Amino acid sequence: MSHEMSNKEIADLLRRVAAALEVKGKNSFKIAAYEKAASTIEQTDVEIKSLWQENRLQEISGIGINIAKHLNELFEKGEVNYFEKIFQDLPQGMFELLNISGIGPKTAYKLCLKLKIENPKNAIDQLEEAAKKGKIKKIEGFGEQSEKDILEGIKQYKNRDERMLLPFAWELSQKIINYLEKDEKNLRIDPLGSLRRMSSTIGDIDLAVATDKPQEIIKKFIKFPEIKEIIVAGKNTARIIHQNGRQIDLKTMKPEAYGALLQHFTGSKQHNIHLREVAIKKGLSLSEYGIKRQGKLENFHFEKEFYKALGMEWIPPELREDKGEIEAAQKNKLPKLIELKDIRGDLHIHSDFPIESSHDLGADSIEILAKKAQDLGYEYLGLSEHNPSFSQHSSQQILDILKRKREKIDKLNYSRTRKLSFSIINSLEIDIKPDGNLAIPEKGFDFLDLAIASIHSSFKMNQKEMTKRVLHGLVHPKVKIFGHPTGRKLGEREPYNLNWEQIFSFCLKNNKWLEINAFPNRLDLPDSLVYKAVKAGVKMIIDTDSHTVDQLNLMIYGISVARRGWATKNDIINTMSYNQIAKLLNLKGLPLSKMKGGE
DNA sequence: GCCGTTTTCGGCCCGACTGTTTTCAGTCG
């Protein structure tokens, strides 16, 4: 039923409408309007259906009176009369063909018509068969080459990979950058696109280099040791396939014009569109080559000058999503975003302490983890293993385990050999059971400095029940953190359904913190909810959820999520010193400054 | 179809690439 339609499915429907309108040669701005509505809906983290229930559809930018009316009909009746009419005389198979790179609406329509492709289920297979039989090149407007391109496109589609997780793409790009930088001094190399903007998932890796000798750089690039295949090595650009199957593009530009190139290919698309609208009003025209003023092209060494020429301060790439950053930059009011160096501790870490949980244990000892945290310059580390399993233990057994962990941590904290500028905080990640109760006995809290409450089961409750469950789970005064709050796993599991306004106002009122979990397939809160939490004044904490010692390095990806959500140092709890945190948690024991006196 | 510290009407981003064409339409980022 349409009432169960996800945002993604609604976005797909609107894209099909846009494609259909294009085939019919309708006004291109109307088509663009449907596409814009589709992409905003796709990026919205609140369910469109619940916004509709609250009569708030038009609060979404790109949804006006008409599309709101159509969506209303969709939710009420399961279909939209106007859409059905548009689709009526079109072959349904054409929408499948749009997945093939190089095939747009008009091509898809023509192919379906000429090849009598109707059924979406086997549309691509039918197309492939026709291409193999040489039927496509005979169609007017197609030729030998386009038939070959279609076969290649189908092959790519069938082999397509899911998008890469940010950390994976980031590390690969850094490896190539390090390789290219070797023996070259002062070379400017940057990732482009969603990678430079630090989106949670990345399609292809694109890099740019500022150079007067593009040939030398490209020659070196195509000798990168991990190359599987060189697709093209031209005068100024090159494309290779990495041994892992990923495509990597390199663009070069002379240094004096590099600023515009970098800006252009960093995007996002919506950011650039908005920027060009600003430019037009100033009588300017933007492109990857620079800014045209009365037909004359100006070059830019650096992005900073480029933005300045448009009357605004430089905008950090993470903010370039057209969420108000351009207006803020015009007024010189961009937030001072949090940085990695602001972080003073990590409060969600799993050690190998035998906690006897039904969930996974960490791989490394408390001592090793504490050493690593100190190497990172942290003042504190919060050990928060999963709670001992509820069904396998009696209450007394759970209390005994928690007591043993408390004693171990106390011993480490008060041992004479420990560095005095560092503290271990005794935490626990506790399941919020489906009824909203927490999975340890009340007395167990006496052993804890604080607790993280998280959902690890029954993900499919409706919004009202799930929200009630979470709010109940956060009530206990020792529970300060709501762990990986949406429960999403990128490419694997959708977020569960929560009423975020209620969660935000509860957290604000009761001084609870939302976690930004930096684990690669979580990155949860997602950036869009961080943005809303910041606006609502809710505090957050960036944790790595490490299960091995190396994973403490993942903090940078949590930072990137926070930055994409406009978070400053003040929005993030673990930028505080140990003494400030200890005060918030009512921890007994010596403050660090006094202990430091002994050093 | 959307949107508004230039507008409730009249605008709406830009350029490259490609293949099939004799001047351009479609697609992409």
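Scope of the values below: all heavy atoms of this structure, side chains included, with no hydrogens, waters or symmetry mates. Sequence lines set the chain letters: A, B, ... in the order given, protein chains first and strands last, and positions in each chain run from 1. Bear in mind the structure is a predicted one, so any value in this text is a computation, not a measurement.
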TODO: Would you mind reading off the distance between A:Gln263 atom CD and B:dG15 atom C1', rounded to a whole angstrom?
DONE: 14 Å

Task: Pairs meeting criterion ring-ring contact (aromatic ring centres under 6.0 Å, His included) with involvement of residues 109-147 of chain A, two or more places apart - done: none

- [ ] Give every residue pair that meets the side-chain hydrogen bond (donor to acceptor under 3.5 Å, both in side chains) criterion with at least one member in residues 110-127 of chain A, sequence neighbours excluded.
- [x] A:Asp125-A:Lys158

Open item on the list: For the C1' atoms, the ones on B:dG10 and on B:dT27, what distance do you get once it is rounded to whole angstrom?
Closed with: 28 Å

Task: First of A:Gly64 and A:Ala108 reached from the 5' end of DNA chain B, by closest nucleotide - done: A:Gly64

Task: Distance below 4.0 Å between A:Tyr82 side-chain N/O and B:dG1 OP1 or OP2 - done: yes

Open item on the list: Taking A:Leu523's backbone N and O only, do any of them form a donor-acceptor pair with A:Arg488's side chain (distance below 3.5 Å, no angle check)?
Closed with: yes

TODO: Answer yes or no: is there a donor N or O on one side and an acceptor on the other, between the side chain of A:Thr237 and the main chain of A:Gly234, under 3.5 Å?
DONE: no

TODO: With the side chain counted from C-beta on, respond yes when A:Leu21 and A:Lys24 share a heavy-atom pair under 4.5 Å apart, and no when they do not.
DONE: no

Task: Closest contact, heavy atoms only, A:Arg163 versus A:Arg246 - done: C-NH2, 4.2 Å

TODO: Nearest whole angstrom, please: distance from the C1' of B:dG1 to the CG of A:Leu57.
DONE: 15 Å

Open item on the list: Need one value for A:Lys292: base, sugar-phosphate or nothing, where a base atom within 4.0 Å counts as base even if backbone is also close, heavy atoms only.
Closed with: sugar-phosphate

- [ ] Indicate the ring-plane relationship of A:Phe83 and A:Tyr34, choosing parallel, tilted or perpendicular according to the 30° and 60° boundaries.
- [x] perpendicular

TODO: Compare the minimum distances between each of B:dC2, B:dC13, B:dG15 and the side chain of A:Phe29, then state the nucleotide with the smallest one.
DONE: B:dC13

Open item on the list: Considering every strand and a 4.0 Å limit on heavy-atom distances, what is the contact class for A:Tyr34: base, sugar-phosphate, or nothing?
Closed with: sugar-phosphate

Task: DNA chain B: 5'-proximal contact among A:Pro105 and A:Lys269 (nearest heavy atom) - done: A:Lys269

Task: Proximity to DNA chain B (any heavy atom under 4.0 Å), residues of residues 307-316 of chain A only - done: none

Open item on the list: Can you check the distance between B:dC2 and B:dC17, where both ends of the measurement are the P atom (answer in whole Å)?
Closed with: 35 Å

Task: Separation between the C1' atoms of B:dG1 and B:dT8, rounded to whole Å - done: 15 Å

Open item on the list: Measure NZ/A:Lys106 against C1'/B:dT20 and give the value in whole Å, please.
Closed with: 16 Å

Task: Candidate nucleotides B:dG15, B:dC2, B:dG26, ranked by approach to the side chain of A:Ile67 - the nearest - done: B:dC2

- [ ] Among B:dG15, B:dG1, B:dT6, find the nucleotide with the atom closest to the side chain of A:Lys281.
- [x] B:dT6

TODO: For A:Ser285, report the nucleic acid contact type (base, sugar-phosphate, nothing); a contact means any heavy atom under 4.0 Å.
DONE: sugar-phosphate

Task: Sorted by number, the residues of residues 132-156 of chain A with heavy-atom contact under 4.0 Å to DNA chain B - done: A:Gly141, A:Phe142, A:Gly143, A:Glu144, A:Gln145, A:Ser146, A:Asp149

- [ ] Identify, residue by residue, the members of residues 272-280 of chain A with a heavy atom below 4.0 Å from DNA chain B, and return them in order of residue number, or none.
- [x] A:Ile273, A:Arg276, A:Glu277, A:Ile280

Task: Protein-nucleotide distance (A:Gln247, atom CD; B:dG29, atom C1'), rounded to Å - done: 12 Å

Task: Span that lies between the C1' atom of B:dT6 and that of B:dG15, in whole angstrom - done: 28 Å

TODO: Please give the nucleotide sitting opposite B:dC28 as a Watson-Crick or G-U wobble pair, both distances under 3.5 Å, or none.
DONE: B:dG15

Task: Backbone of A:Ile136 reached by a side-chain donor or acceptor of A:Glu147 within 3.5 Å - done: yes

TODO: Could you check how far CZ of A:Arg239 sits from C1' of B:dA16, rounded to whole Å?
DONE: 13 Å

Task: Atom C1', compared across B:dC24 and B:dT20: separation rounded to whole Å - done: 9 Å

Open item on the list: Between A:Lys49 (side chain only) and A:Phe75 (backbone N and O only), is there a donor and an acceptor less than 3.5 Å apart?
Closed with: no

Open item on the list: At 4.0 Å (heavy atoms only), tell me whether A:Leu286 reaches a base, stays on the sugar-phosphate, or touches nothing.
Closed with: sugar-phosphate

Task: Six-ring centre of A:Tyr531, A:Lys323 cation under 6.0 angstrom, axis tolerance 45° - done: yes

Open item on the list: Salt bridge or not between A:Arg197 and A:Glu325? Use side-chain N to carboxylate O under 4.0 Å.
Closed with: no

Task: Integer-rounded Å distance: B:dC9 P and A:Ile65 CD1 - done: 14 Å

Open item on the list: Output the rounded distance in Å from CD (A:Glu288) to P (B:dA16).
Closed with: 7 Å

Task: Check: A:Glu216 and A:Thr211 side chains under 4.5 Å, non-hydrogen atoms - done: no

Open item on the list: Would you compute the distance between atom CD of A:Gln463 and atom CH2 of A:Trp500 and round it to the nearest 0.5 angstrom?
Closed with: 10.5 Å

Open item on the list: Roughly how many Å apart are B:dG4 and B:dC13, using the P atom of each and rounding to a whole number?
Closed with: 14 Å

Task: Distance, P atom - from B:dG26 to B:dT21, rounded to whole angstrom - done: 13 Å

Open item on the list: Measure CG/A:Leu111 against C1'/B:dG26 and give the value in whole Å, please.
Closed with: 12 Å

- [ ] Respond yes when some side-chain nitrogen or oxygen of A:Thr107 is under 4.0 Å from OP1 or OP2 of B:dT27, and no when none is.
- [x] yes

Task: Reference residue A:Gln270; test side chain to side chain contact (heavy atoms under 4.5 Å, CB included); the match among A:Gln43, A:Arg320, A:Glu321, A:Lys36 - done: A:Lys36

- [ ] Considering only NZ, NE, NH1 and NH2 on the basic side and carboxylate oxygens on the acidic side, decide whether A:Glu128 and A:Lys132 come within less than 4.0 Å.
- [x] yes

- [ ] Could you work out the separation of B:dG19 and B:dC12 based on their C1' atoms and round it to a whole Å?
- [x] 30 Å

- [ ] Go through residues 198-218 of chain A and report each residue with a non-hydrogen atom lying under 4.0 Å from DNA chain B, sorted by number.
- [x] none

Open item on the list: I'd like to know if the side chain of A:Asp571 and the backbone of A:Thr568 have a donor-acceptor N/O pair within less than 3.5 Å.
Closed with: yes

